[in-house]
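Not measured: the values here are computed from a predicted model. Just so you know, residue 1 is the first one in the sequence shown, and it goes up from there.
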Amino acid sequence: MPEMGGQMLKQGKIKSRVKSEKKKLPTKKKEPLEYGPIEIRMLSEEEVSKEEEKSDHELIAELNGSAKEDEHKFESNRKYFTISIYALVTIMAAAIFICLIANFGAVSLWLKGLMRILSPFVAAFLIAFILNPLVNWLEINFFLKLLHLEKPKLRVALSIVMTYILLLGIIIVGLLYVIPQITDSIVGVAGDVTVQLNEIYEKRDTYGDMLQEYFPEVDLKFIEEKIEEMWPTLLAAVTNMTKDLVPKVIGVTVSVARLTINIFLSIAISIYMLLDKRKLMRMGTQVVYAILPTTRAKSFCGHMRECSRIFSGFVSGKALDSLIIGIICFIATSILGLEYAVLMSVIVGVTNMIPYFGPFIGAVPGVVLYLCIRPLDAIVFAIMILVLQQFDGWVLGPKILGDSTGLSPLWVIFGITVGGAYGGVIGMFLGVPMVAVVAYLLNQAIEGMLKKKRINIS
């Protein structure tokens with residue numbers, strides 16, 4: 001009996017405590033019926049006895065309804081949230097890719113139009129990229145070390161002004177001296193070729209007799225008849241070409257005007273790029289460090305600096321090397337008494353920008369030209385180009401370029417072939433540094449993966 005009395009007393013205390021706690025709890029506002037009815041029911045004695053076994057805190061929490069709510073409450077999970085974001089991005093990327101493939105024609109036209117609009121900016125970037133080493137050299141070695149200018153902005157501005165004055169001087173010299181010489185050479189070549197063709201035409205009967213003597217099976221009458229049949233067609237083609245000459249001239253004039261505007265616009269944009277290069281580099285660095293972790297961002301910026309060094313070192317070094325080779329070719333052809341020295345030197349200097357094959361490509365027009373005029377000069381010119389190529393390959397090139405690309409001859413030939421297939425002469429020149437940059441990045445990635453696996457391959 002005392003035990004039952006104690007138990008009853010205990011239950012009474014619990015019930016009174018529950019009632020007091022329920023009074024302290026905030027009353028829930030009744031929701032309108034349109035949001036669903038609220039279920040209210042009384043607990044049975046068995047449920048009450050089970051509830052007495054629980055702790056006071058759990059009983060109060062369940063009476064408040066928080067326990068049942070927690071069972072169905074949404075809990076945020078960072079892991080599953082990240083997976084959901086990745087899945088959503090993947091689905092969106094796949095949808096965009098499918099749309100691009102389905103509308104490939106329209107997308108390609110849009111990209112061509114965009115590239116035409118952005119072409120001045122691309123050209124400006126290339127101009128600034130090529131002239132940047134000279135600007136840096138003038139800023140440090142001339143204005144800082146020699147003239148001791150302390151203001152960085154003034155040094156950069158003066159370096160840019162001097163660089164573009166040098167560039168403008170080279171352009172003016174080319175317009176006033178080199179281009180007229182090249183024009184005269186082309187006119188002279190055309191005149192010499194015309195003279196040679198007239199001589200061949202005047203001696204056609206002699207050549208025909210010689211051909212009939214050595215190749216009696218050749219039917220010369222049939223060839224003459226075919227030429228006579230083709231002659232009216234040739235005259236008609238010349239007449240049509242004359243009629244279409246005016247529209248073509250107008251089209252060429254418009255193209256030249258558009259090209260001139262783009263050139264001046266590109267030069268102006270390149271000046272602003274060189275002036276703001278530190279700001280642009282800082283903005284790019286901020287973006288990289290904001291997106292990537294610190295260690296990866298530092299590694300990425302280091303790789304980009306090395307890629308820039310490889311590309312700019314090859315372009316600027318090869319340009320200087322080709323300029324020197326062109327000057328040496330002009331001096332050599334003048335000493336040897338070969339005609340069209342300026343024209344041949346320009347061709348050899350420009351084609352020398354192409355590694356390995358450039359001098360030989362530049363030698364072909366000269367050899368063919370001299371063969372038409374004076375075969376002995378063709379032999380002399382070919383020997384001179386061979387000696388010049390050996391000098392460039394063994395002495396001048398290594399002094400200026402060093403091992404700027406770090407590529408084996410196999411990969412150089414690969415870069416020239418692929419670049420020439422997709423970009424012509426410019427692609428043959430730019431293909432080599434681009435392959436060098438890709439090879440450097442792949443080498444760094446492979447070495448990083450091998451280092452993680454603790455593998456050393458020698």
Side-chain angles (χ1 to χ4, degrees), residues 108 111-112 114-116 118-131 174 182 186 189 255 259 262-263 266 307-326 328-329 343-371 378 381-382 384-386 388-394 396-398 400-443:
S108 61
L111 289 176
K112 288 180 181 179
L114 181 63
M115 288 303 299
R116 185 169 59 252
L118 296 180
S119 58
F121 292 90
V122 176
F125 176 77
L126 292 176
I127 294 172
F129 189 80
I130 293 172
L131 296 180
I182 294 174
I186 293 174
V189 168
S255 300
L259 179 62
N262 287 336
I263 288 174
S266 300
C307 292
S308 175
R309 186 197 65 80
I310 293 172
F311 200 95
S312 63
F314 177 83
V315 172
S316 58
K318 198 62 182 175
L320 179 60
D321 175 73
S322 299
L323 178 63
I324 295 174
I325 289 297
I328 294 175
C329 180
L343 178 62
M344 294 299 103
S345 302
V346 170
I347 294 175
V348 171
V350 171
T351 56
N352 190 70
M353 297 287 288
I354 303 171
Y356 289 160
F357 304 107
F360 300 106
I361 295 173
V364 171
V367 171
V368 173
L369 174 62
Y370 289 128
L371 279 175
F381 182 75
M384 184 201 74
I385 291 297
L386 181 62
L388 195 61
Q389 193 273 339
Q390 297 299 317
F391 170 74
D392 183 31
W394 292 98
L396 185 62
I400 296 177
L401 294 172
D403 193 18
S404 59
T405 60
L407 292 177
S408 63
L410 175 64
W411 291 112
V412 172
I413 296 173
F414 174 80
I416 294 172
T417 305
V418 176
Y422 287 97
V425 177
I426 297 177
M428 295 175 73
F429 168 58
L430 296 179
V432 176
M434 291 180 69
V435 170
V437 169
V438 173
Y440 167 76
L441 294 176
L442 287 176
N443 186 40

Gap between atom CG of Leu118 and atom CG of Leu111 - 0.5 Å precision: 10.5 Å
Smallest separation among heavy atoms of Ala124 and Ser266, with atom names: CB-O, 3.2 Å
Over all atoms of both residues, closest heavy-atom pair of Met353 and Ala319: SD-CA, 3.6 Å
Straight-line distance of Phe429 CZ to Thr351 OG1, nearest 0.5 Å: 12.5 Å
Atom CZ of Phe125: over 12 foreign heavy atoms under 6.0 Å: no
Heavy-atom pair with the smallest gap, counting every atom of Val435 and Gly415: CG2-CA, 3.6 Å
Side chain to side chain donor-acceptor pair (under 3.5 Å) involving Ser345 - partner list, sequence neighbours excluded: none
Trp394 CH2 to Gln389 CD distance, which is reported to the nearest 0.5 Å: 10.0 Å
Residues in side chain to side chain contact (heavy atoms under 4.5 Å, CB included) contact with Val367, at least two apart in sequence or another chain: Leu371, Ala378, Phe381, Ala382
Sequence-distant partners of Tyr440, side chain to side chain donor-acceptor pair (under 3.5 Å), two or more places apart: His303
Contacts of type side chain to side chain contact (heavy atoms under 4.5 Å, CB included), residue Ile328, not counting sequence neighbours: Ile324, Leu388, Phe391
Sequence neighbours excluded, every pair satisfying salt bridge (charged side-chain N to carboxylate O under 4.0 Å, His left out) that has a member inside residues 310-324: Lys318-Asp321
Spacing of CG belonging to Asp392 relative to CD1 belonging to Ile325, to within rounding of 0.5 Å: 4.0 Å
For the student: nearest non-hydrogen atoms of Cys329 and Met384, plus distance: SG-CE, 3.8 Å
CG on Leu430 to CD1 on Ile354, rounded to 0.5 Å: 10.5 Å
Counterpart residues, side chain to side chain contact (heavy atoms under 4.5 Å, CB included), relative to Leu410 (two or more places apart): Ser408
Least distance between heavy atoms, Val437 atom then Cys307 atom: CG1-SG, 3.6 Å
Under the side chain to side chain contact (heavy atoms under 4.5 Å, CB included) test, residues paired with Asn262 that sit two or more places apart: Pro120, Arg258
Gap separating the CD1 atom of Ile347 from the CG atom of Leu369, nearest 0.5 angstrom: 8.5 Å
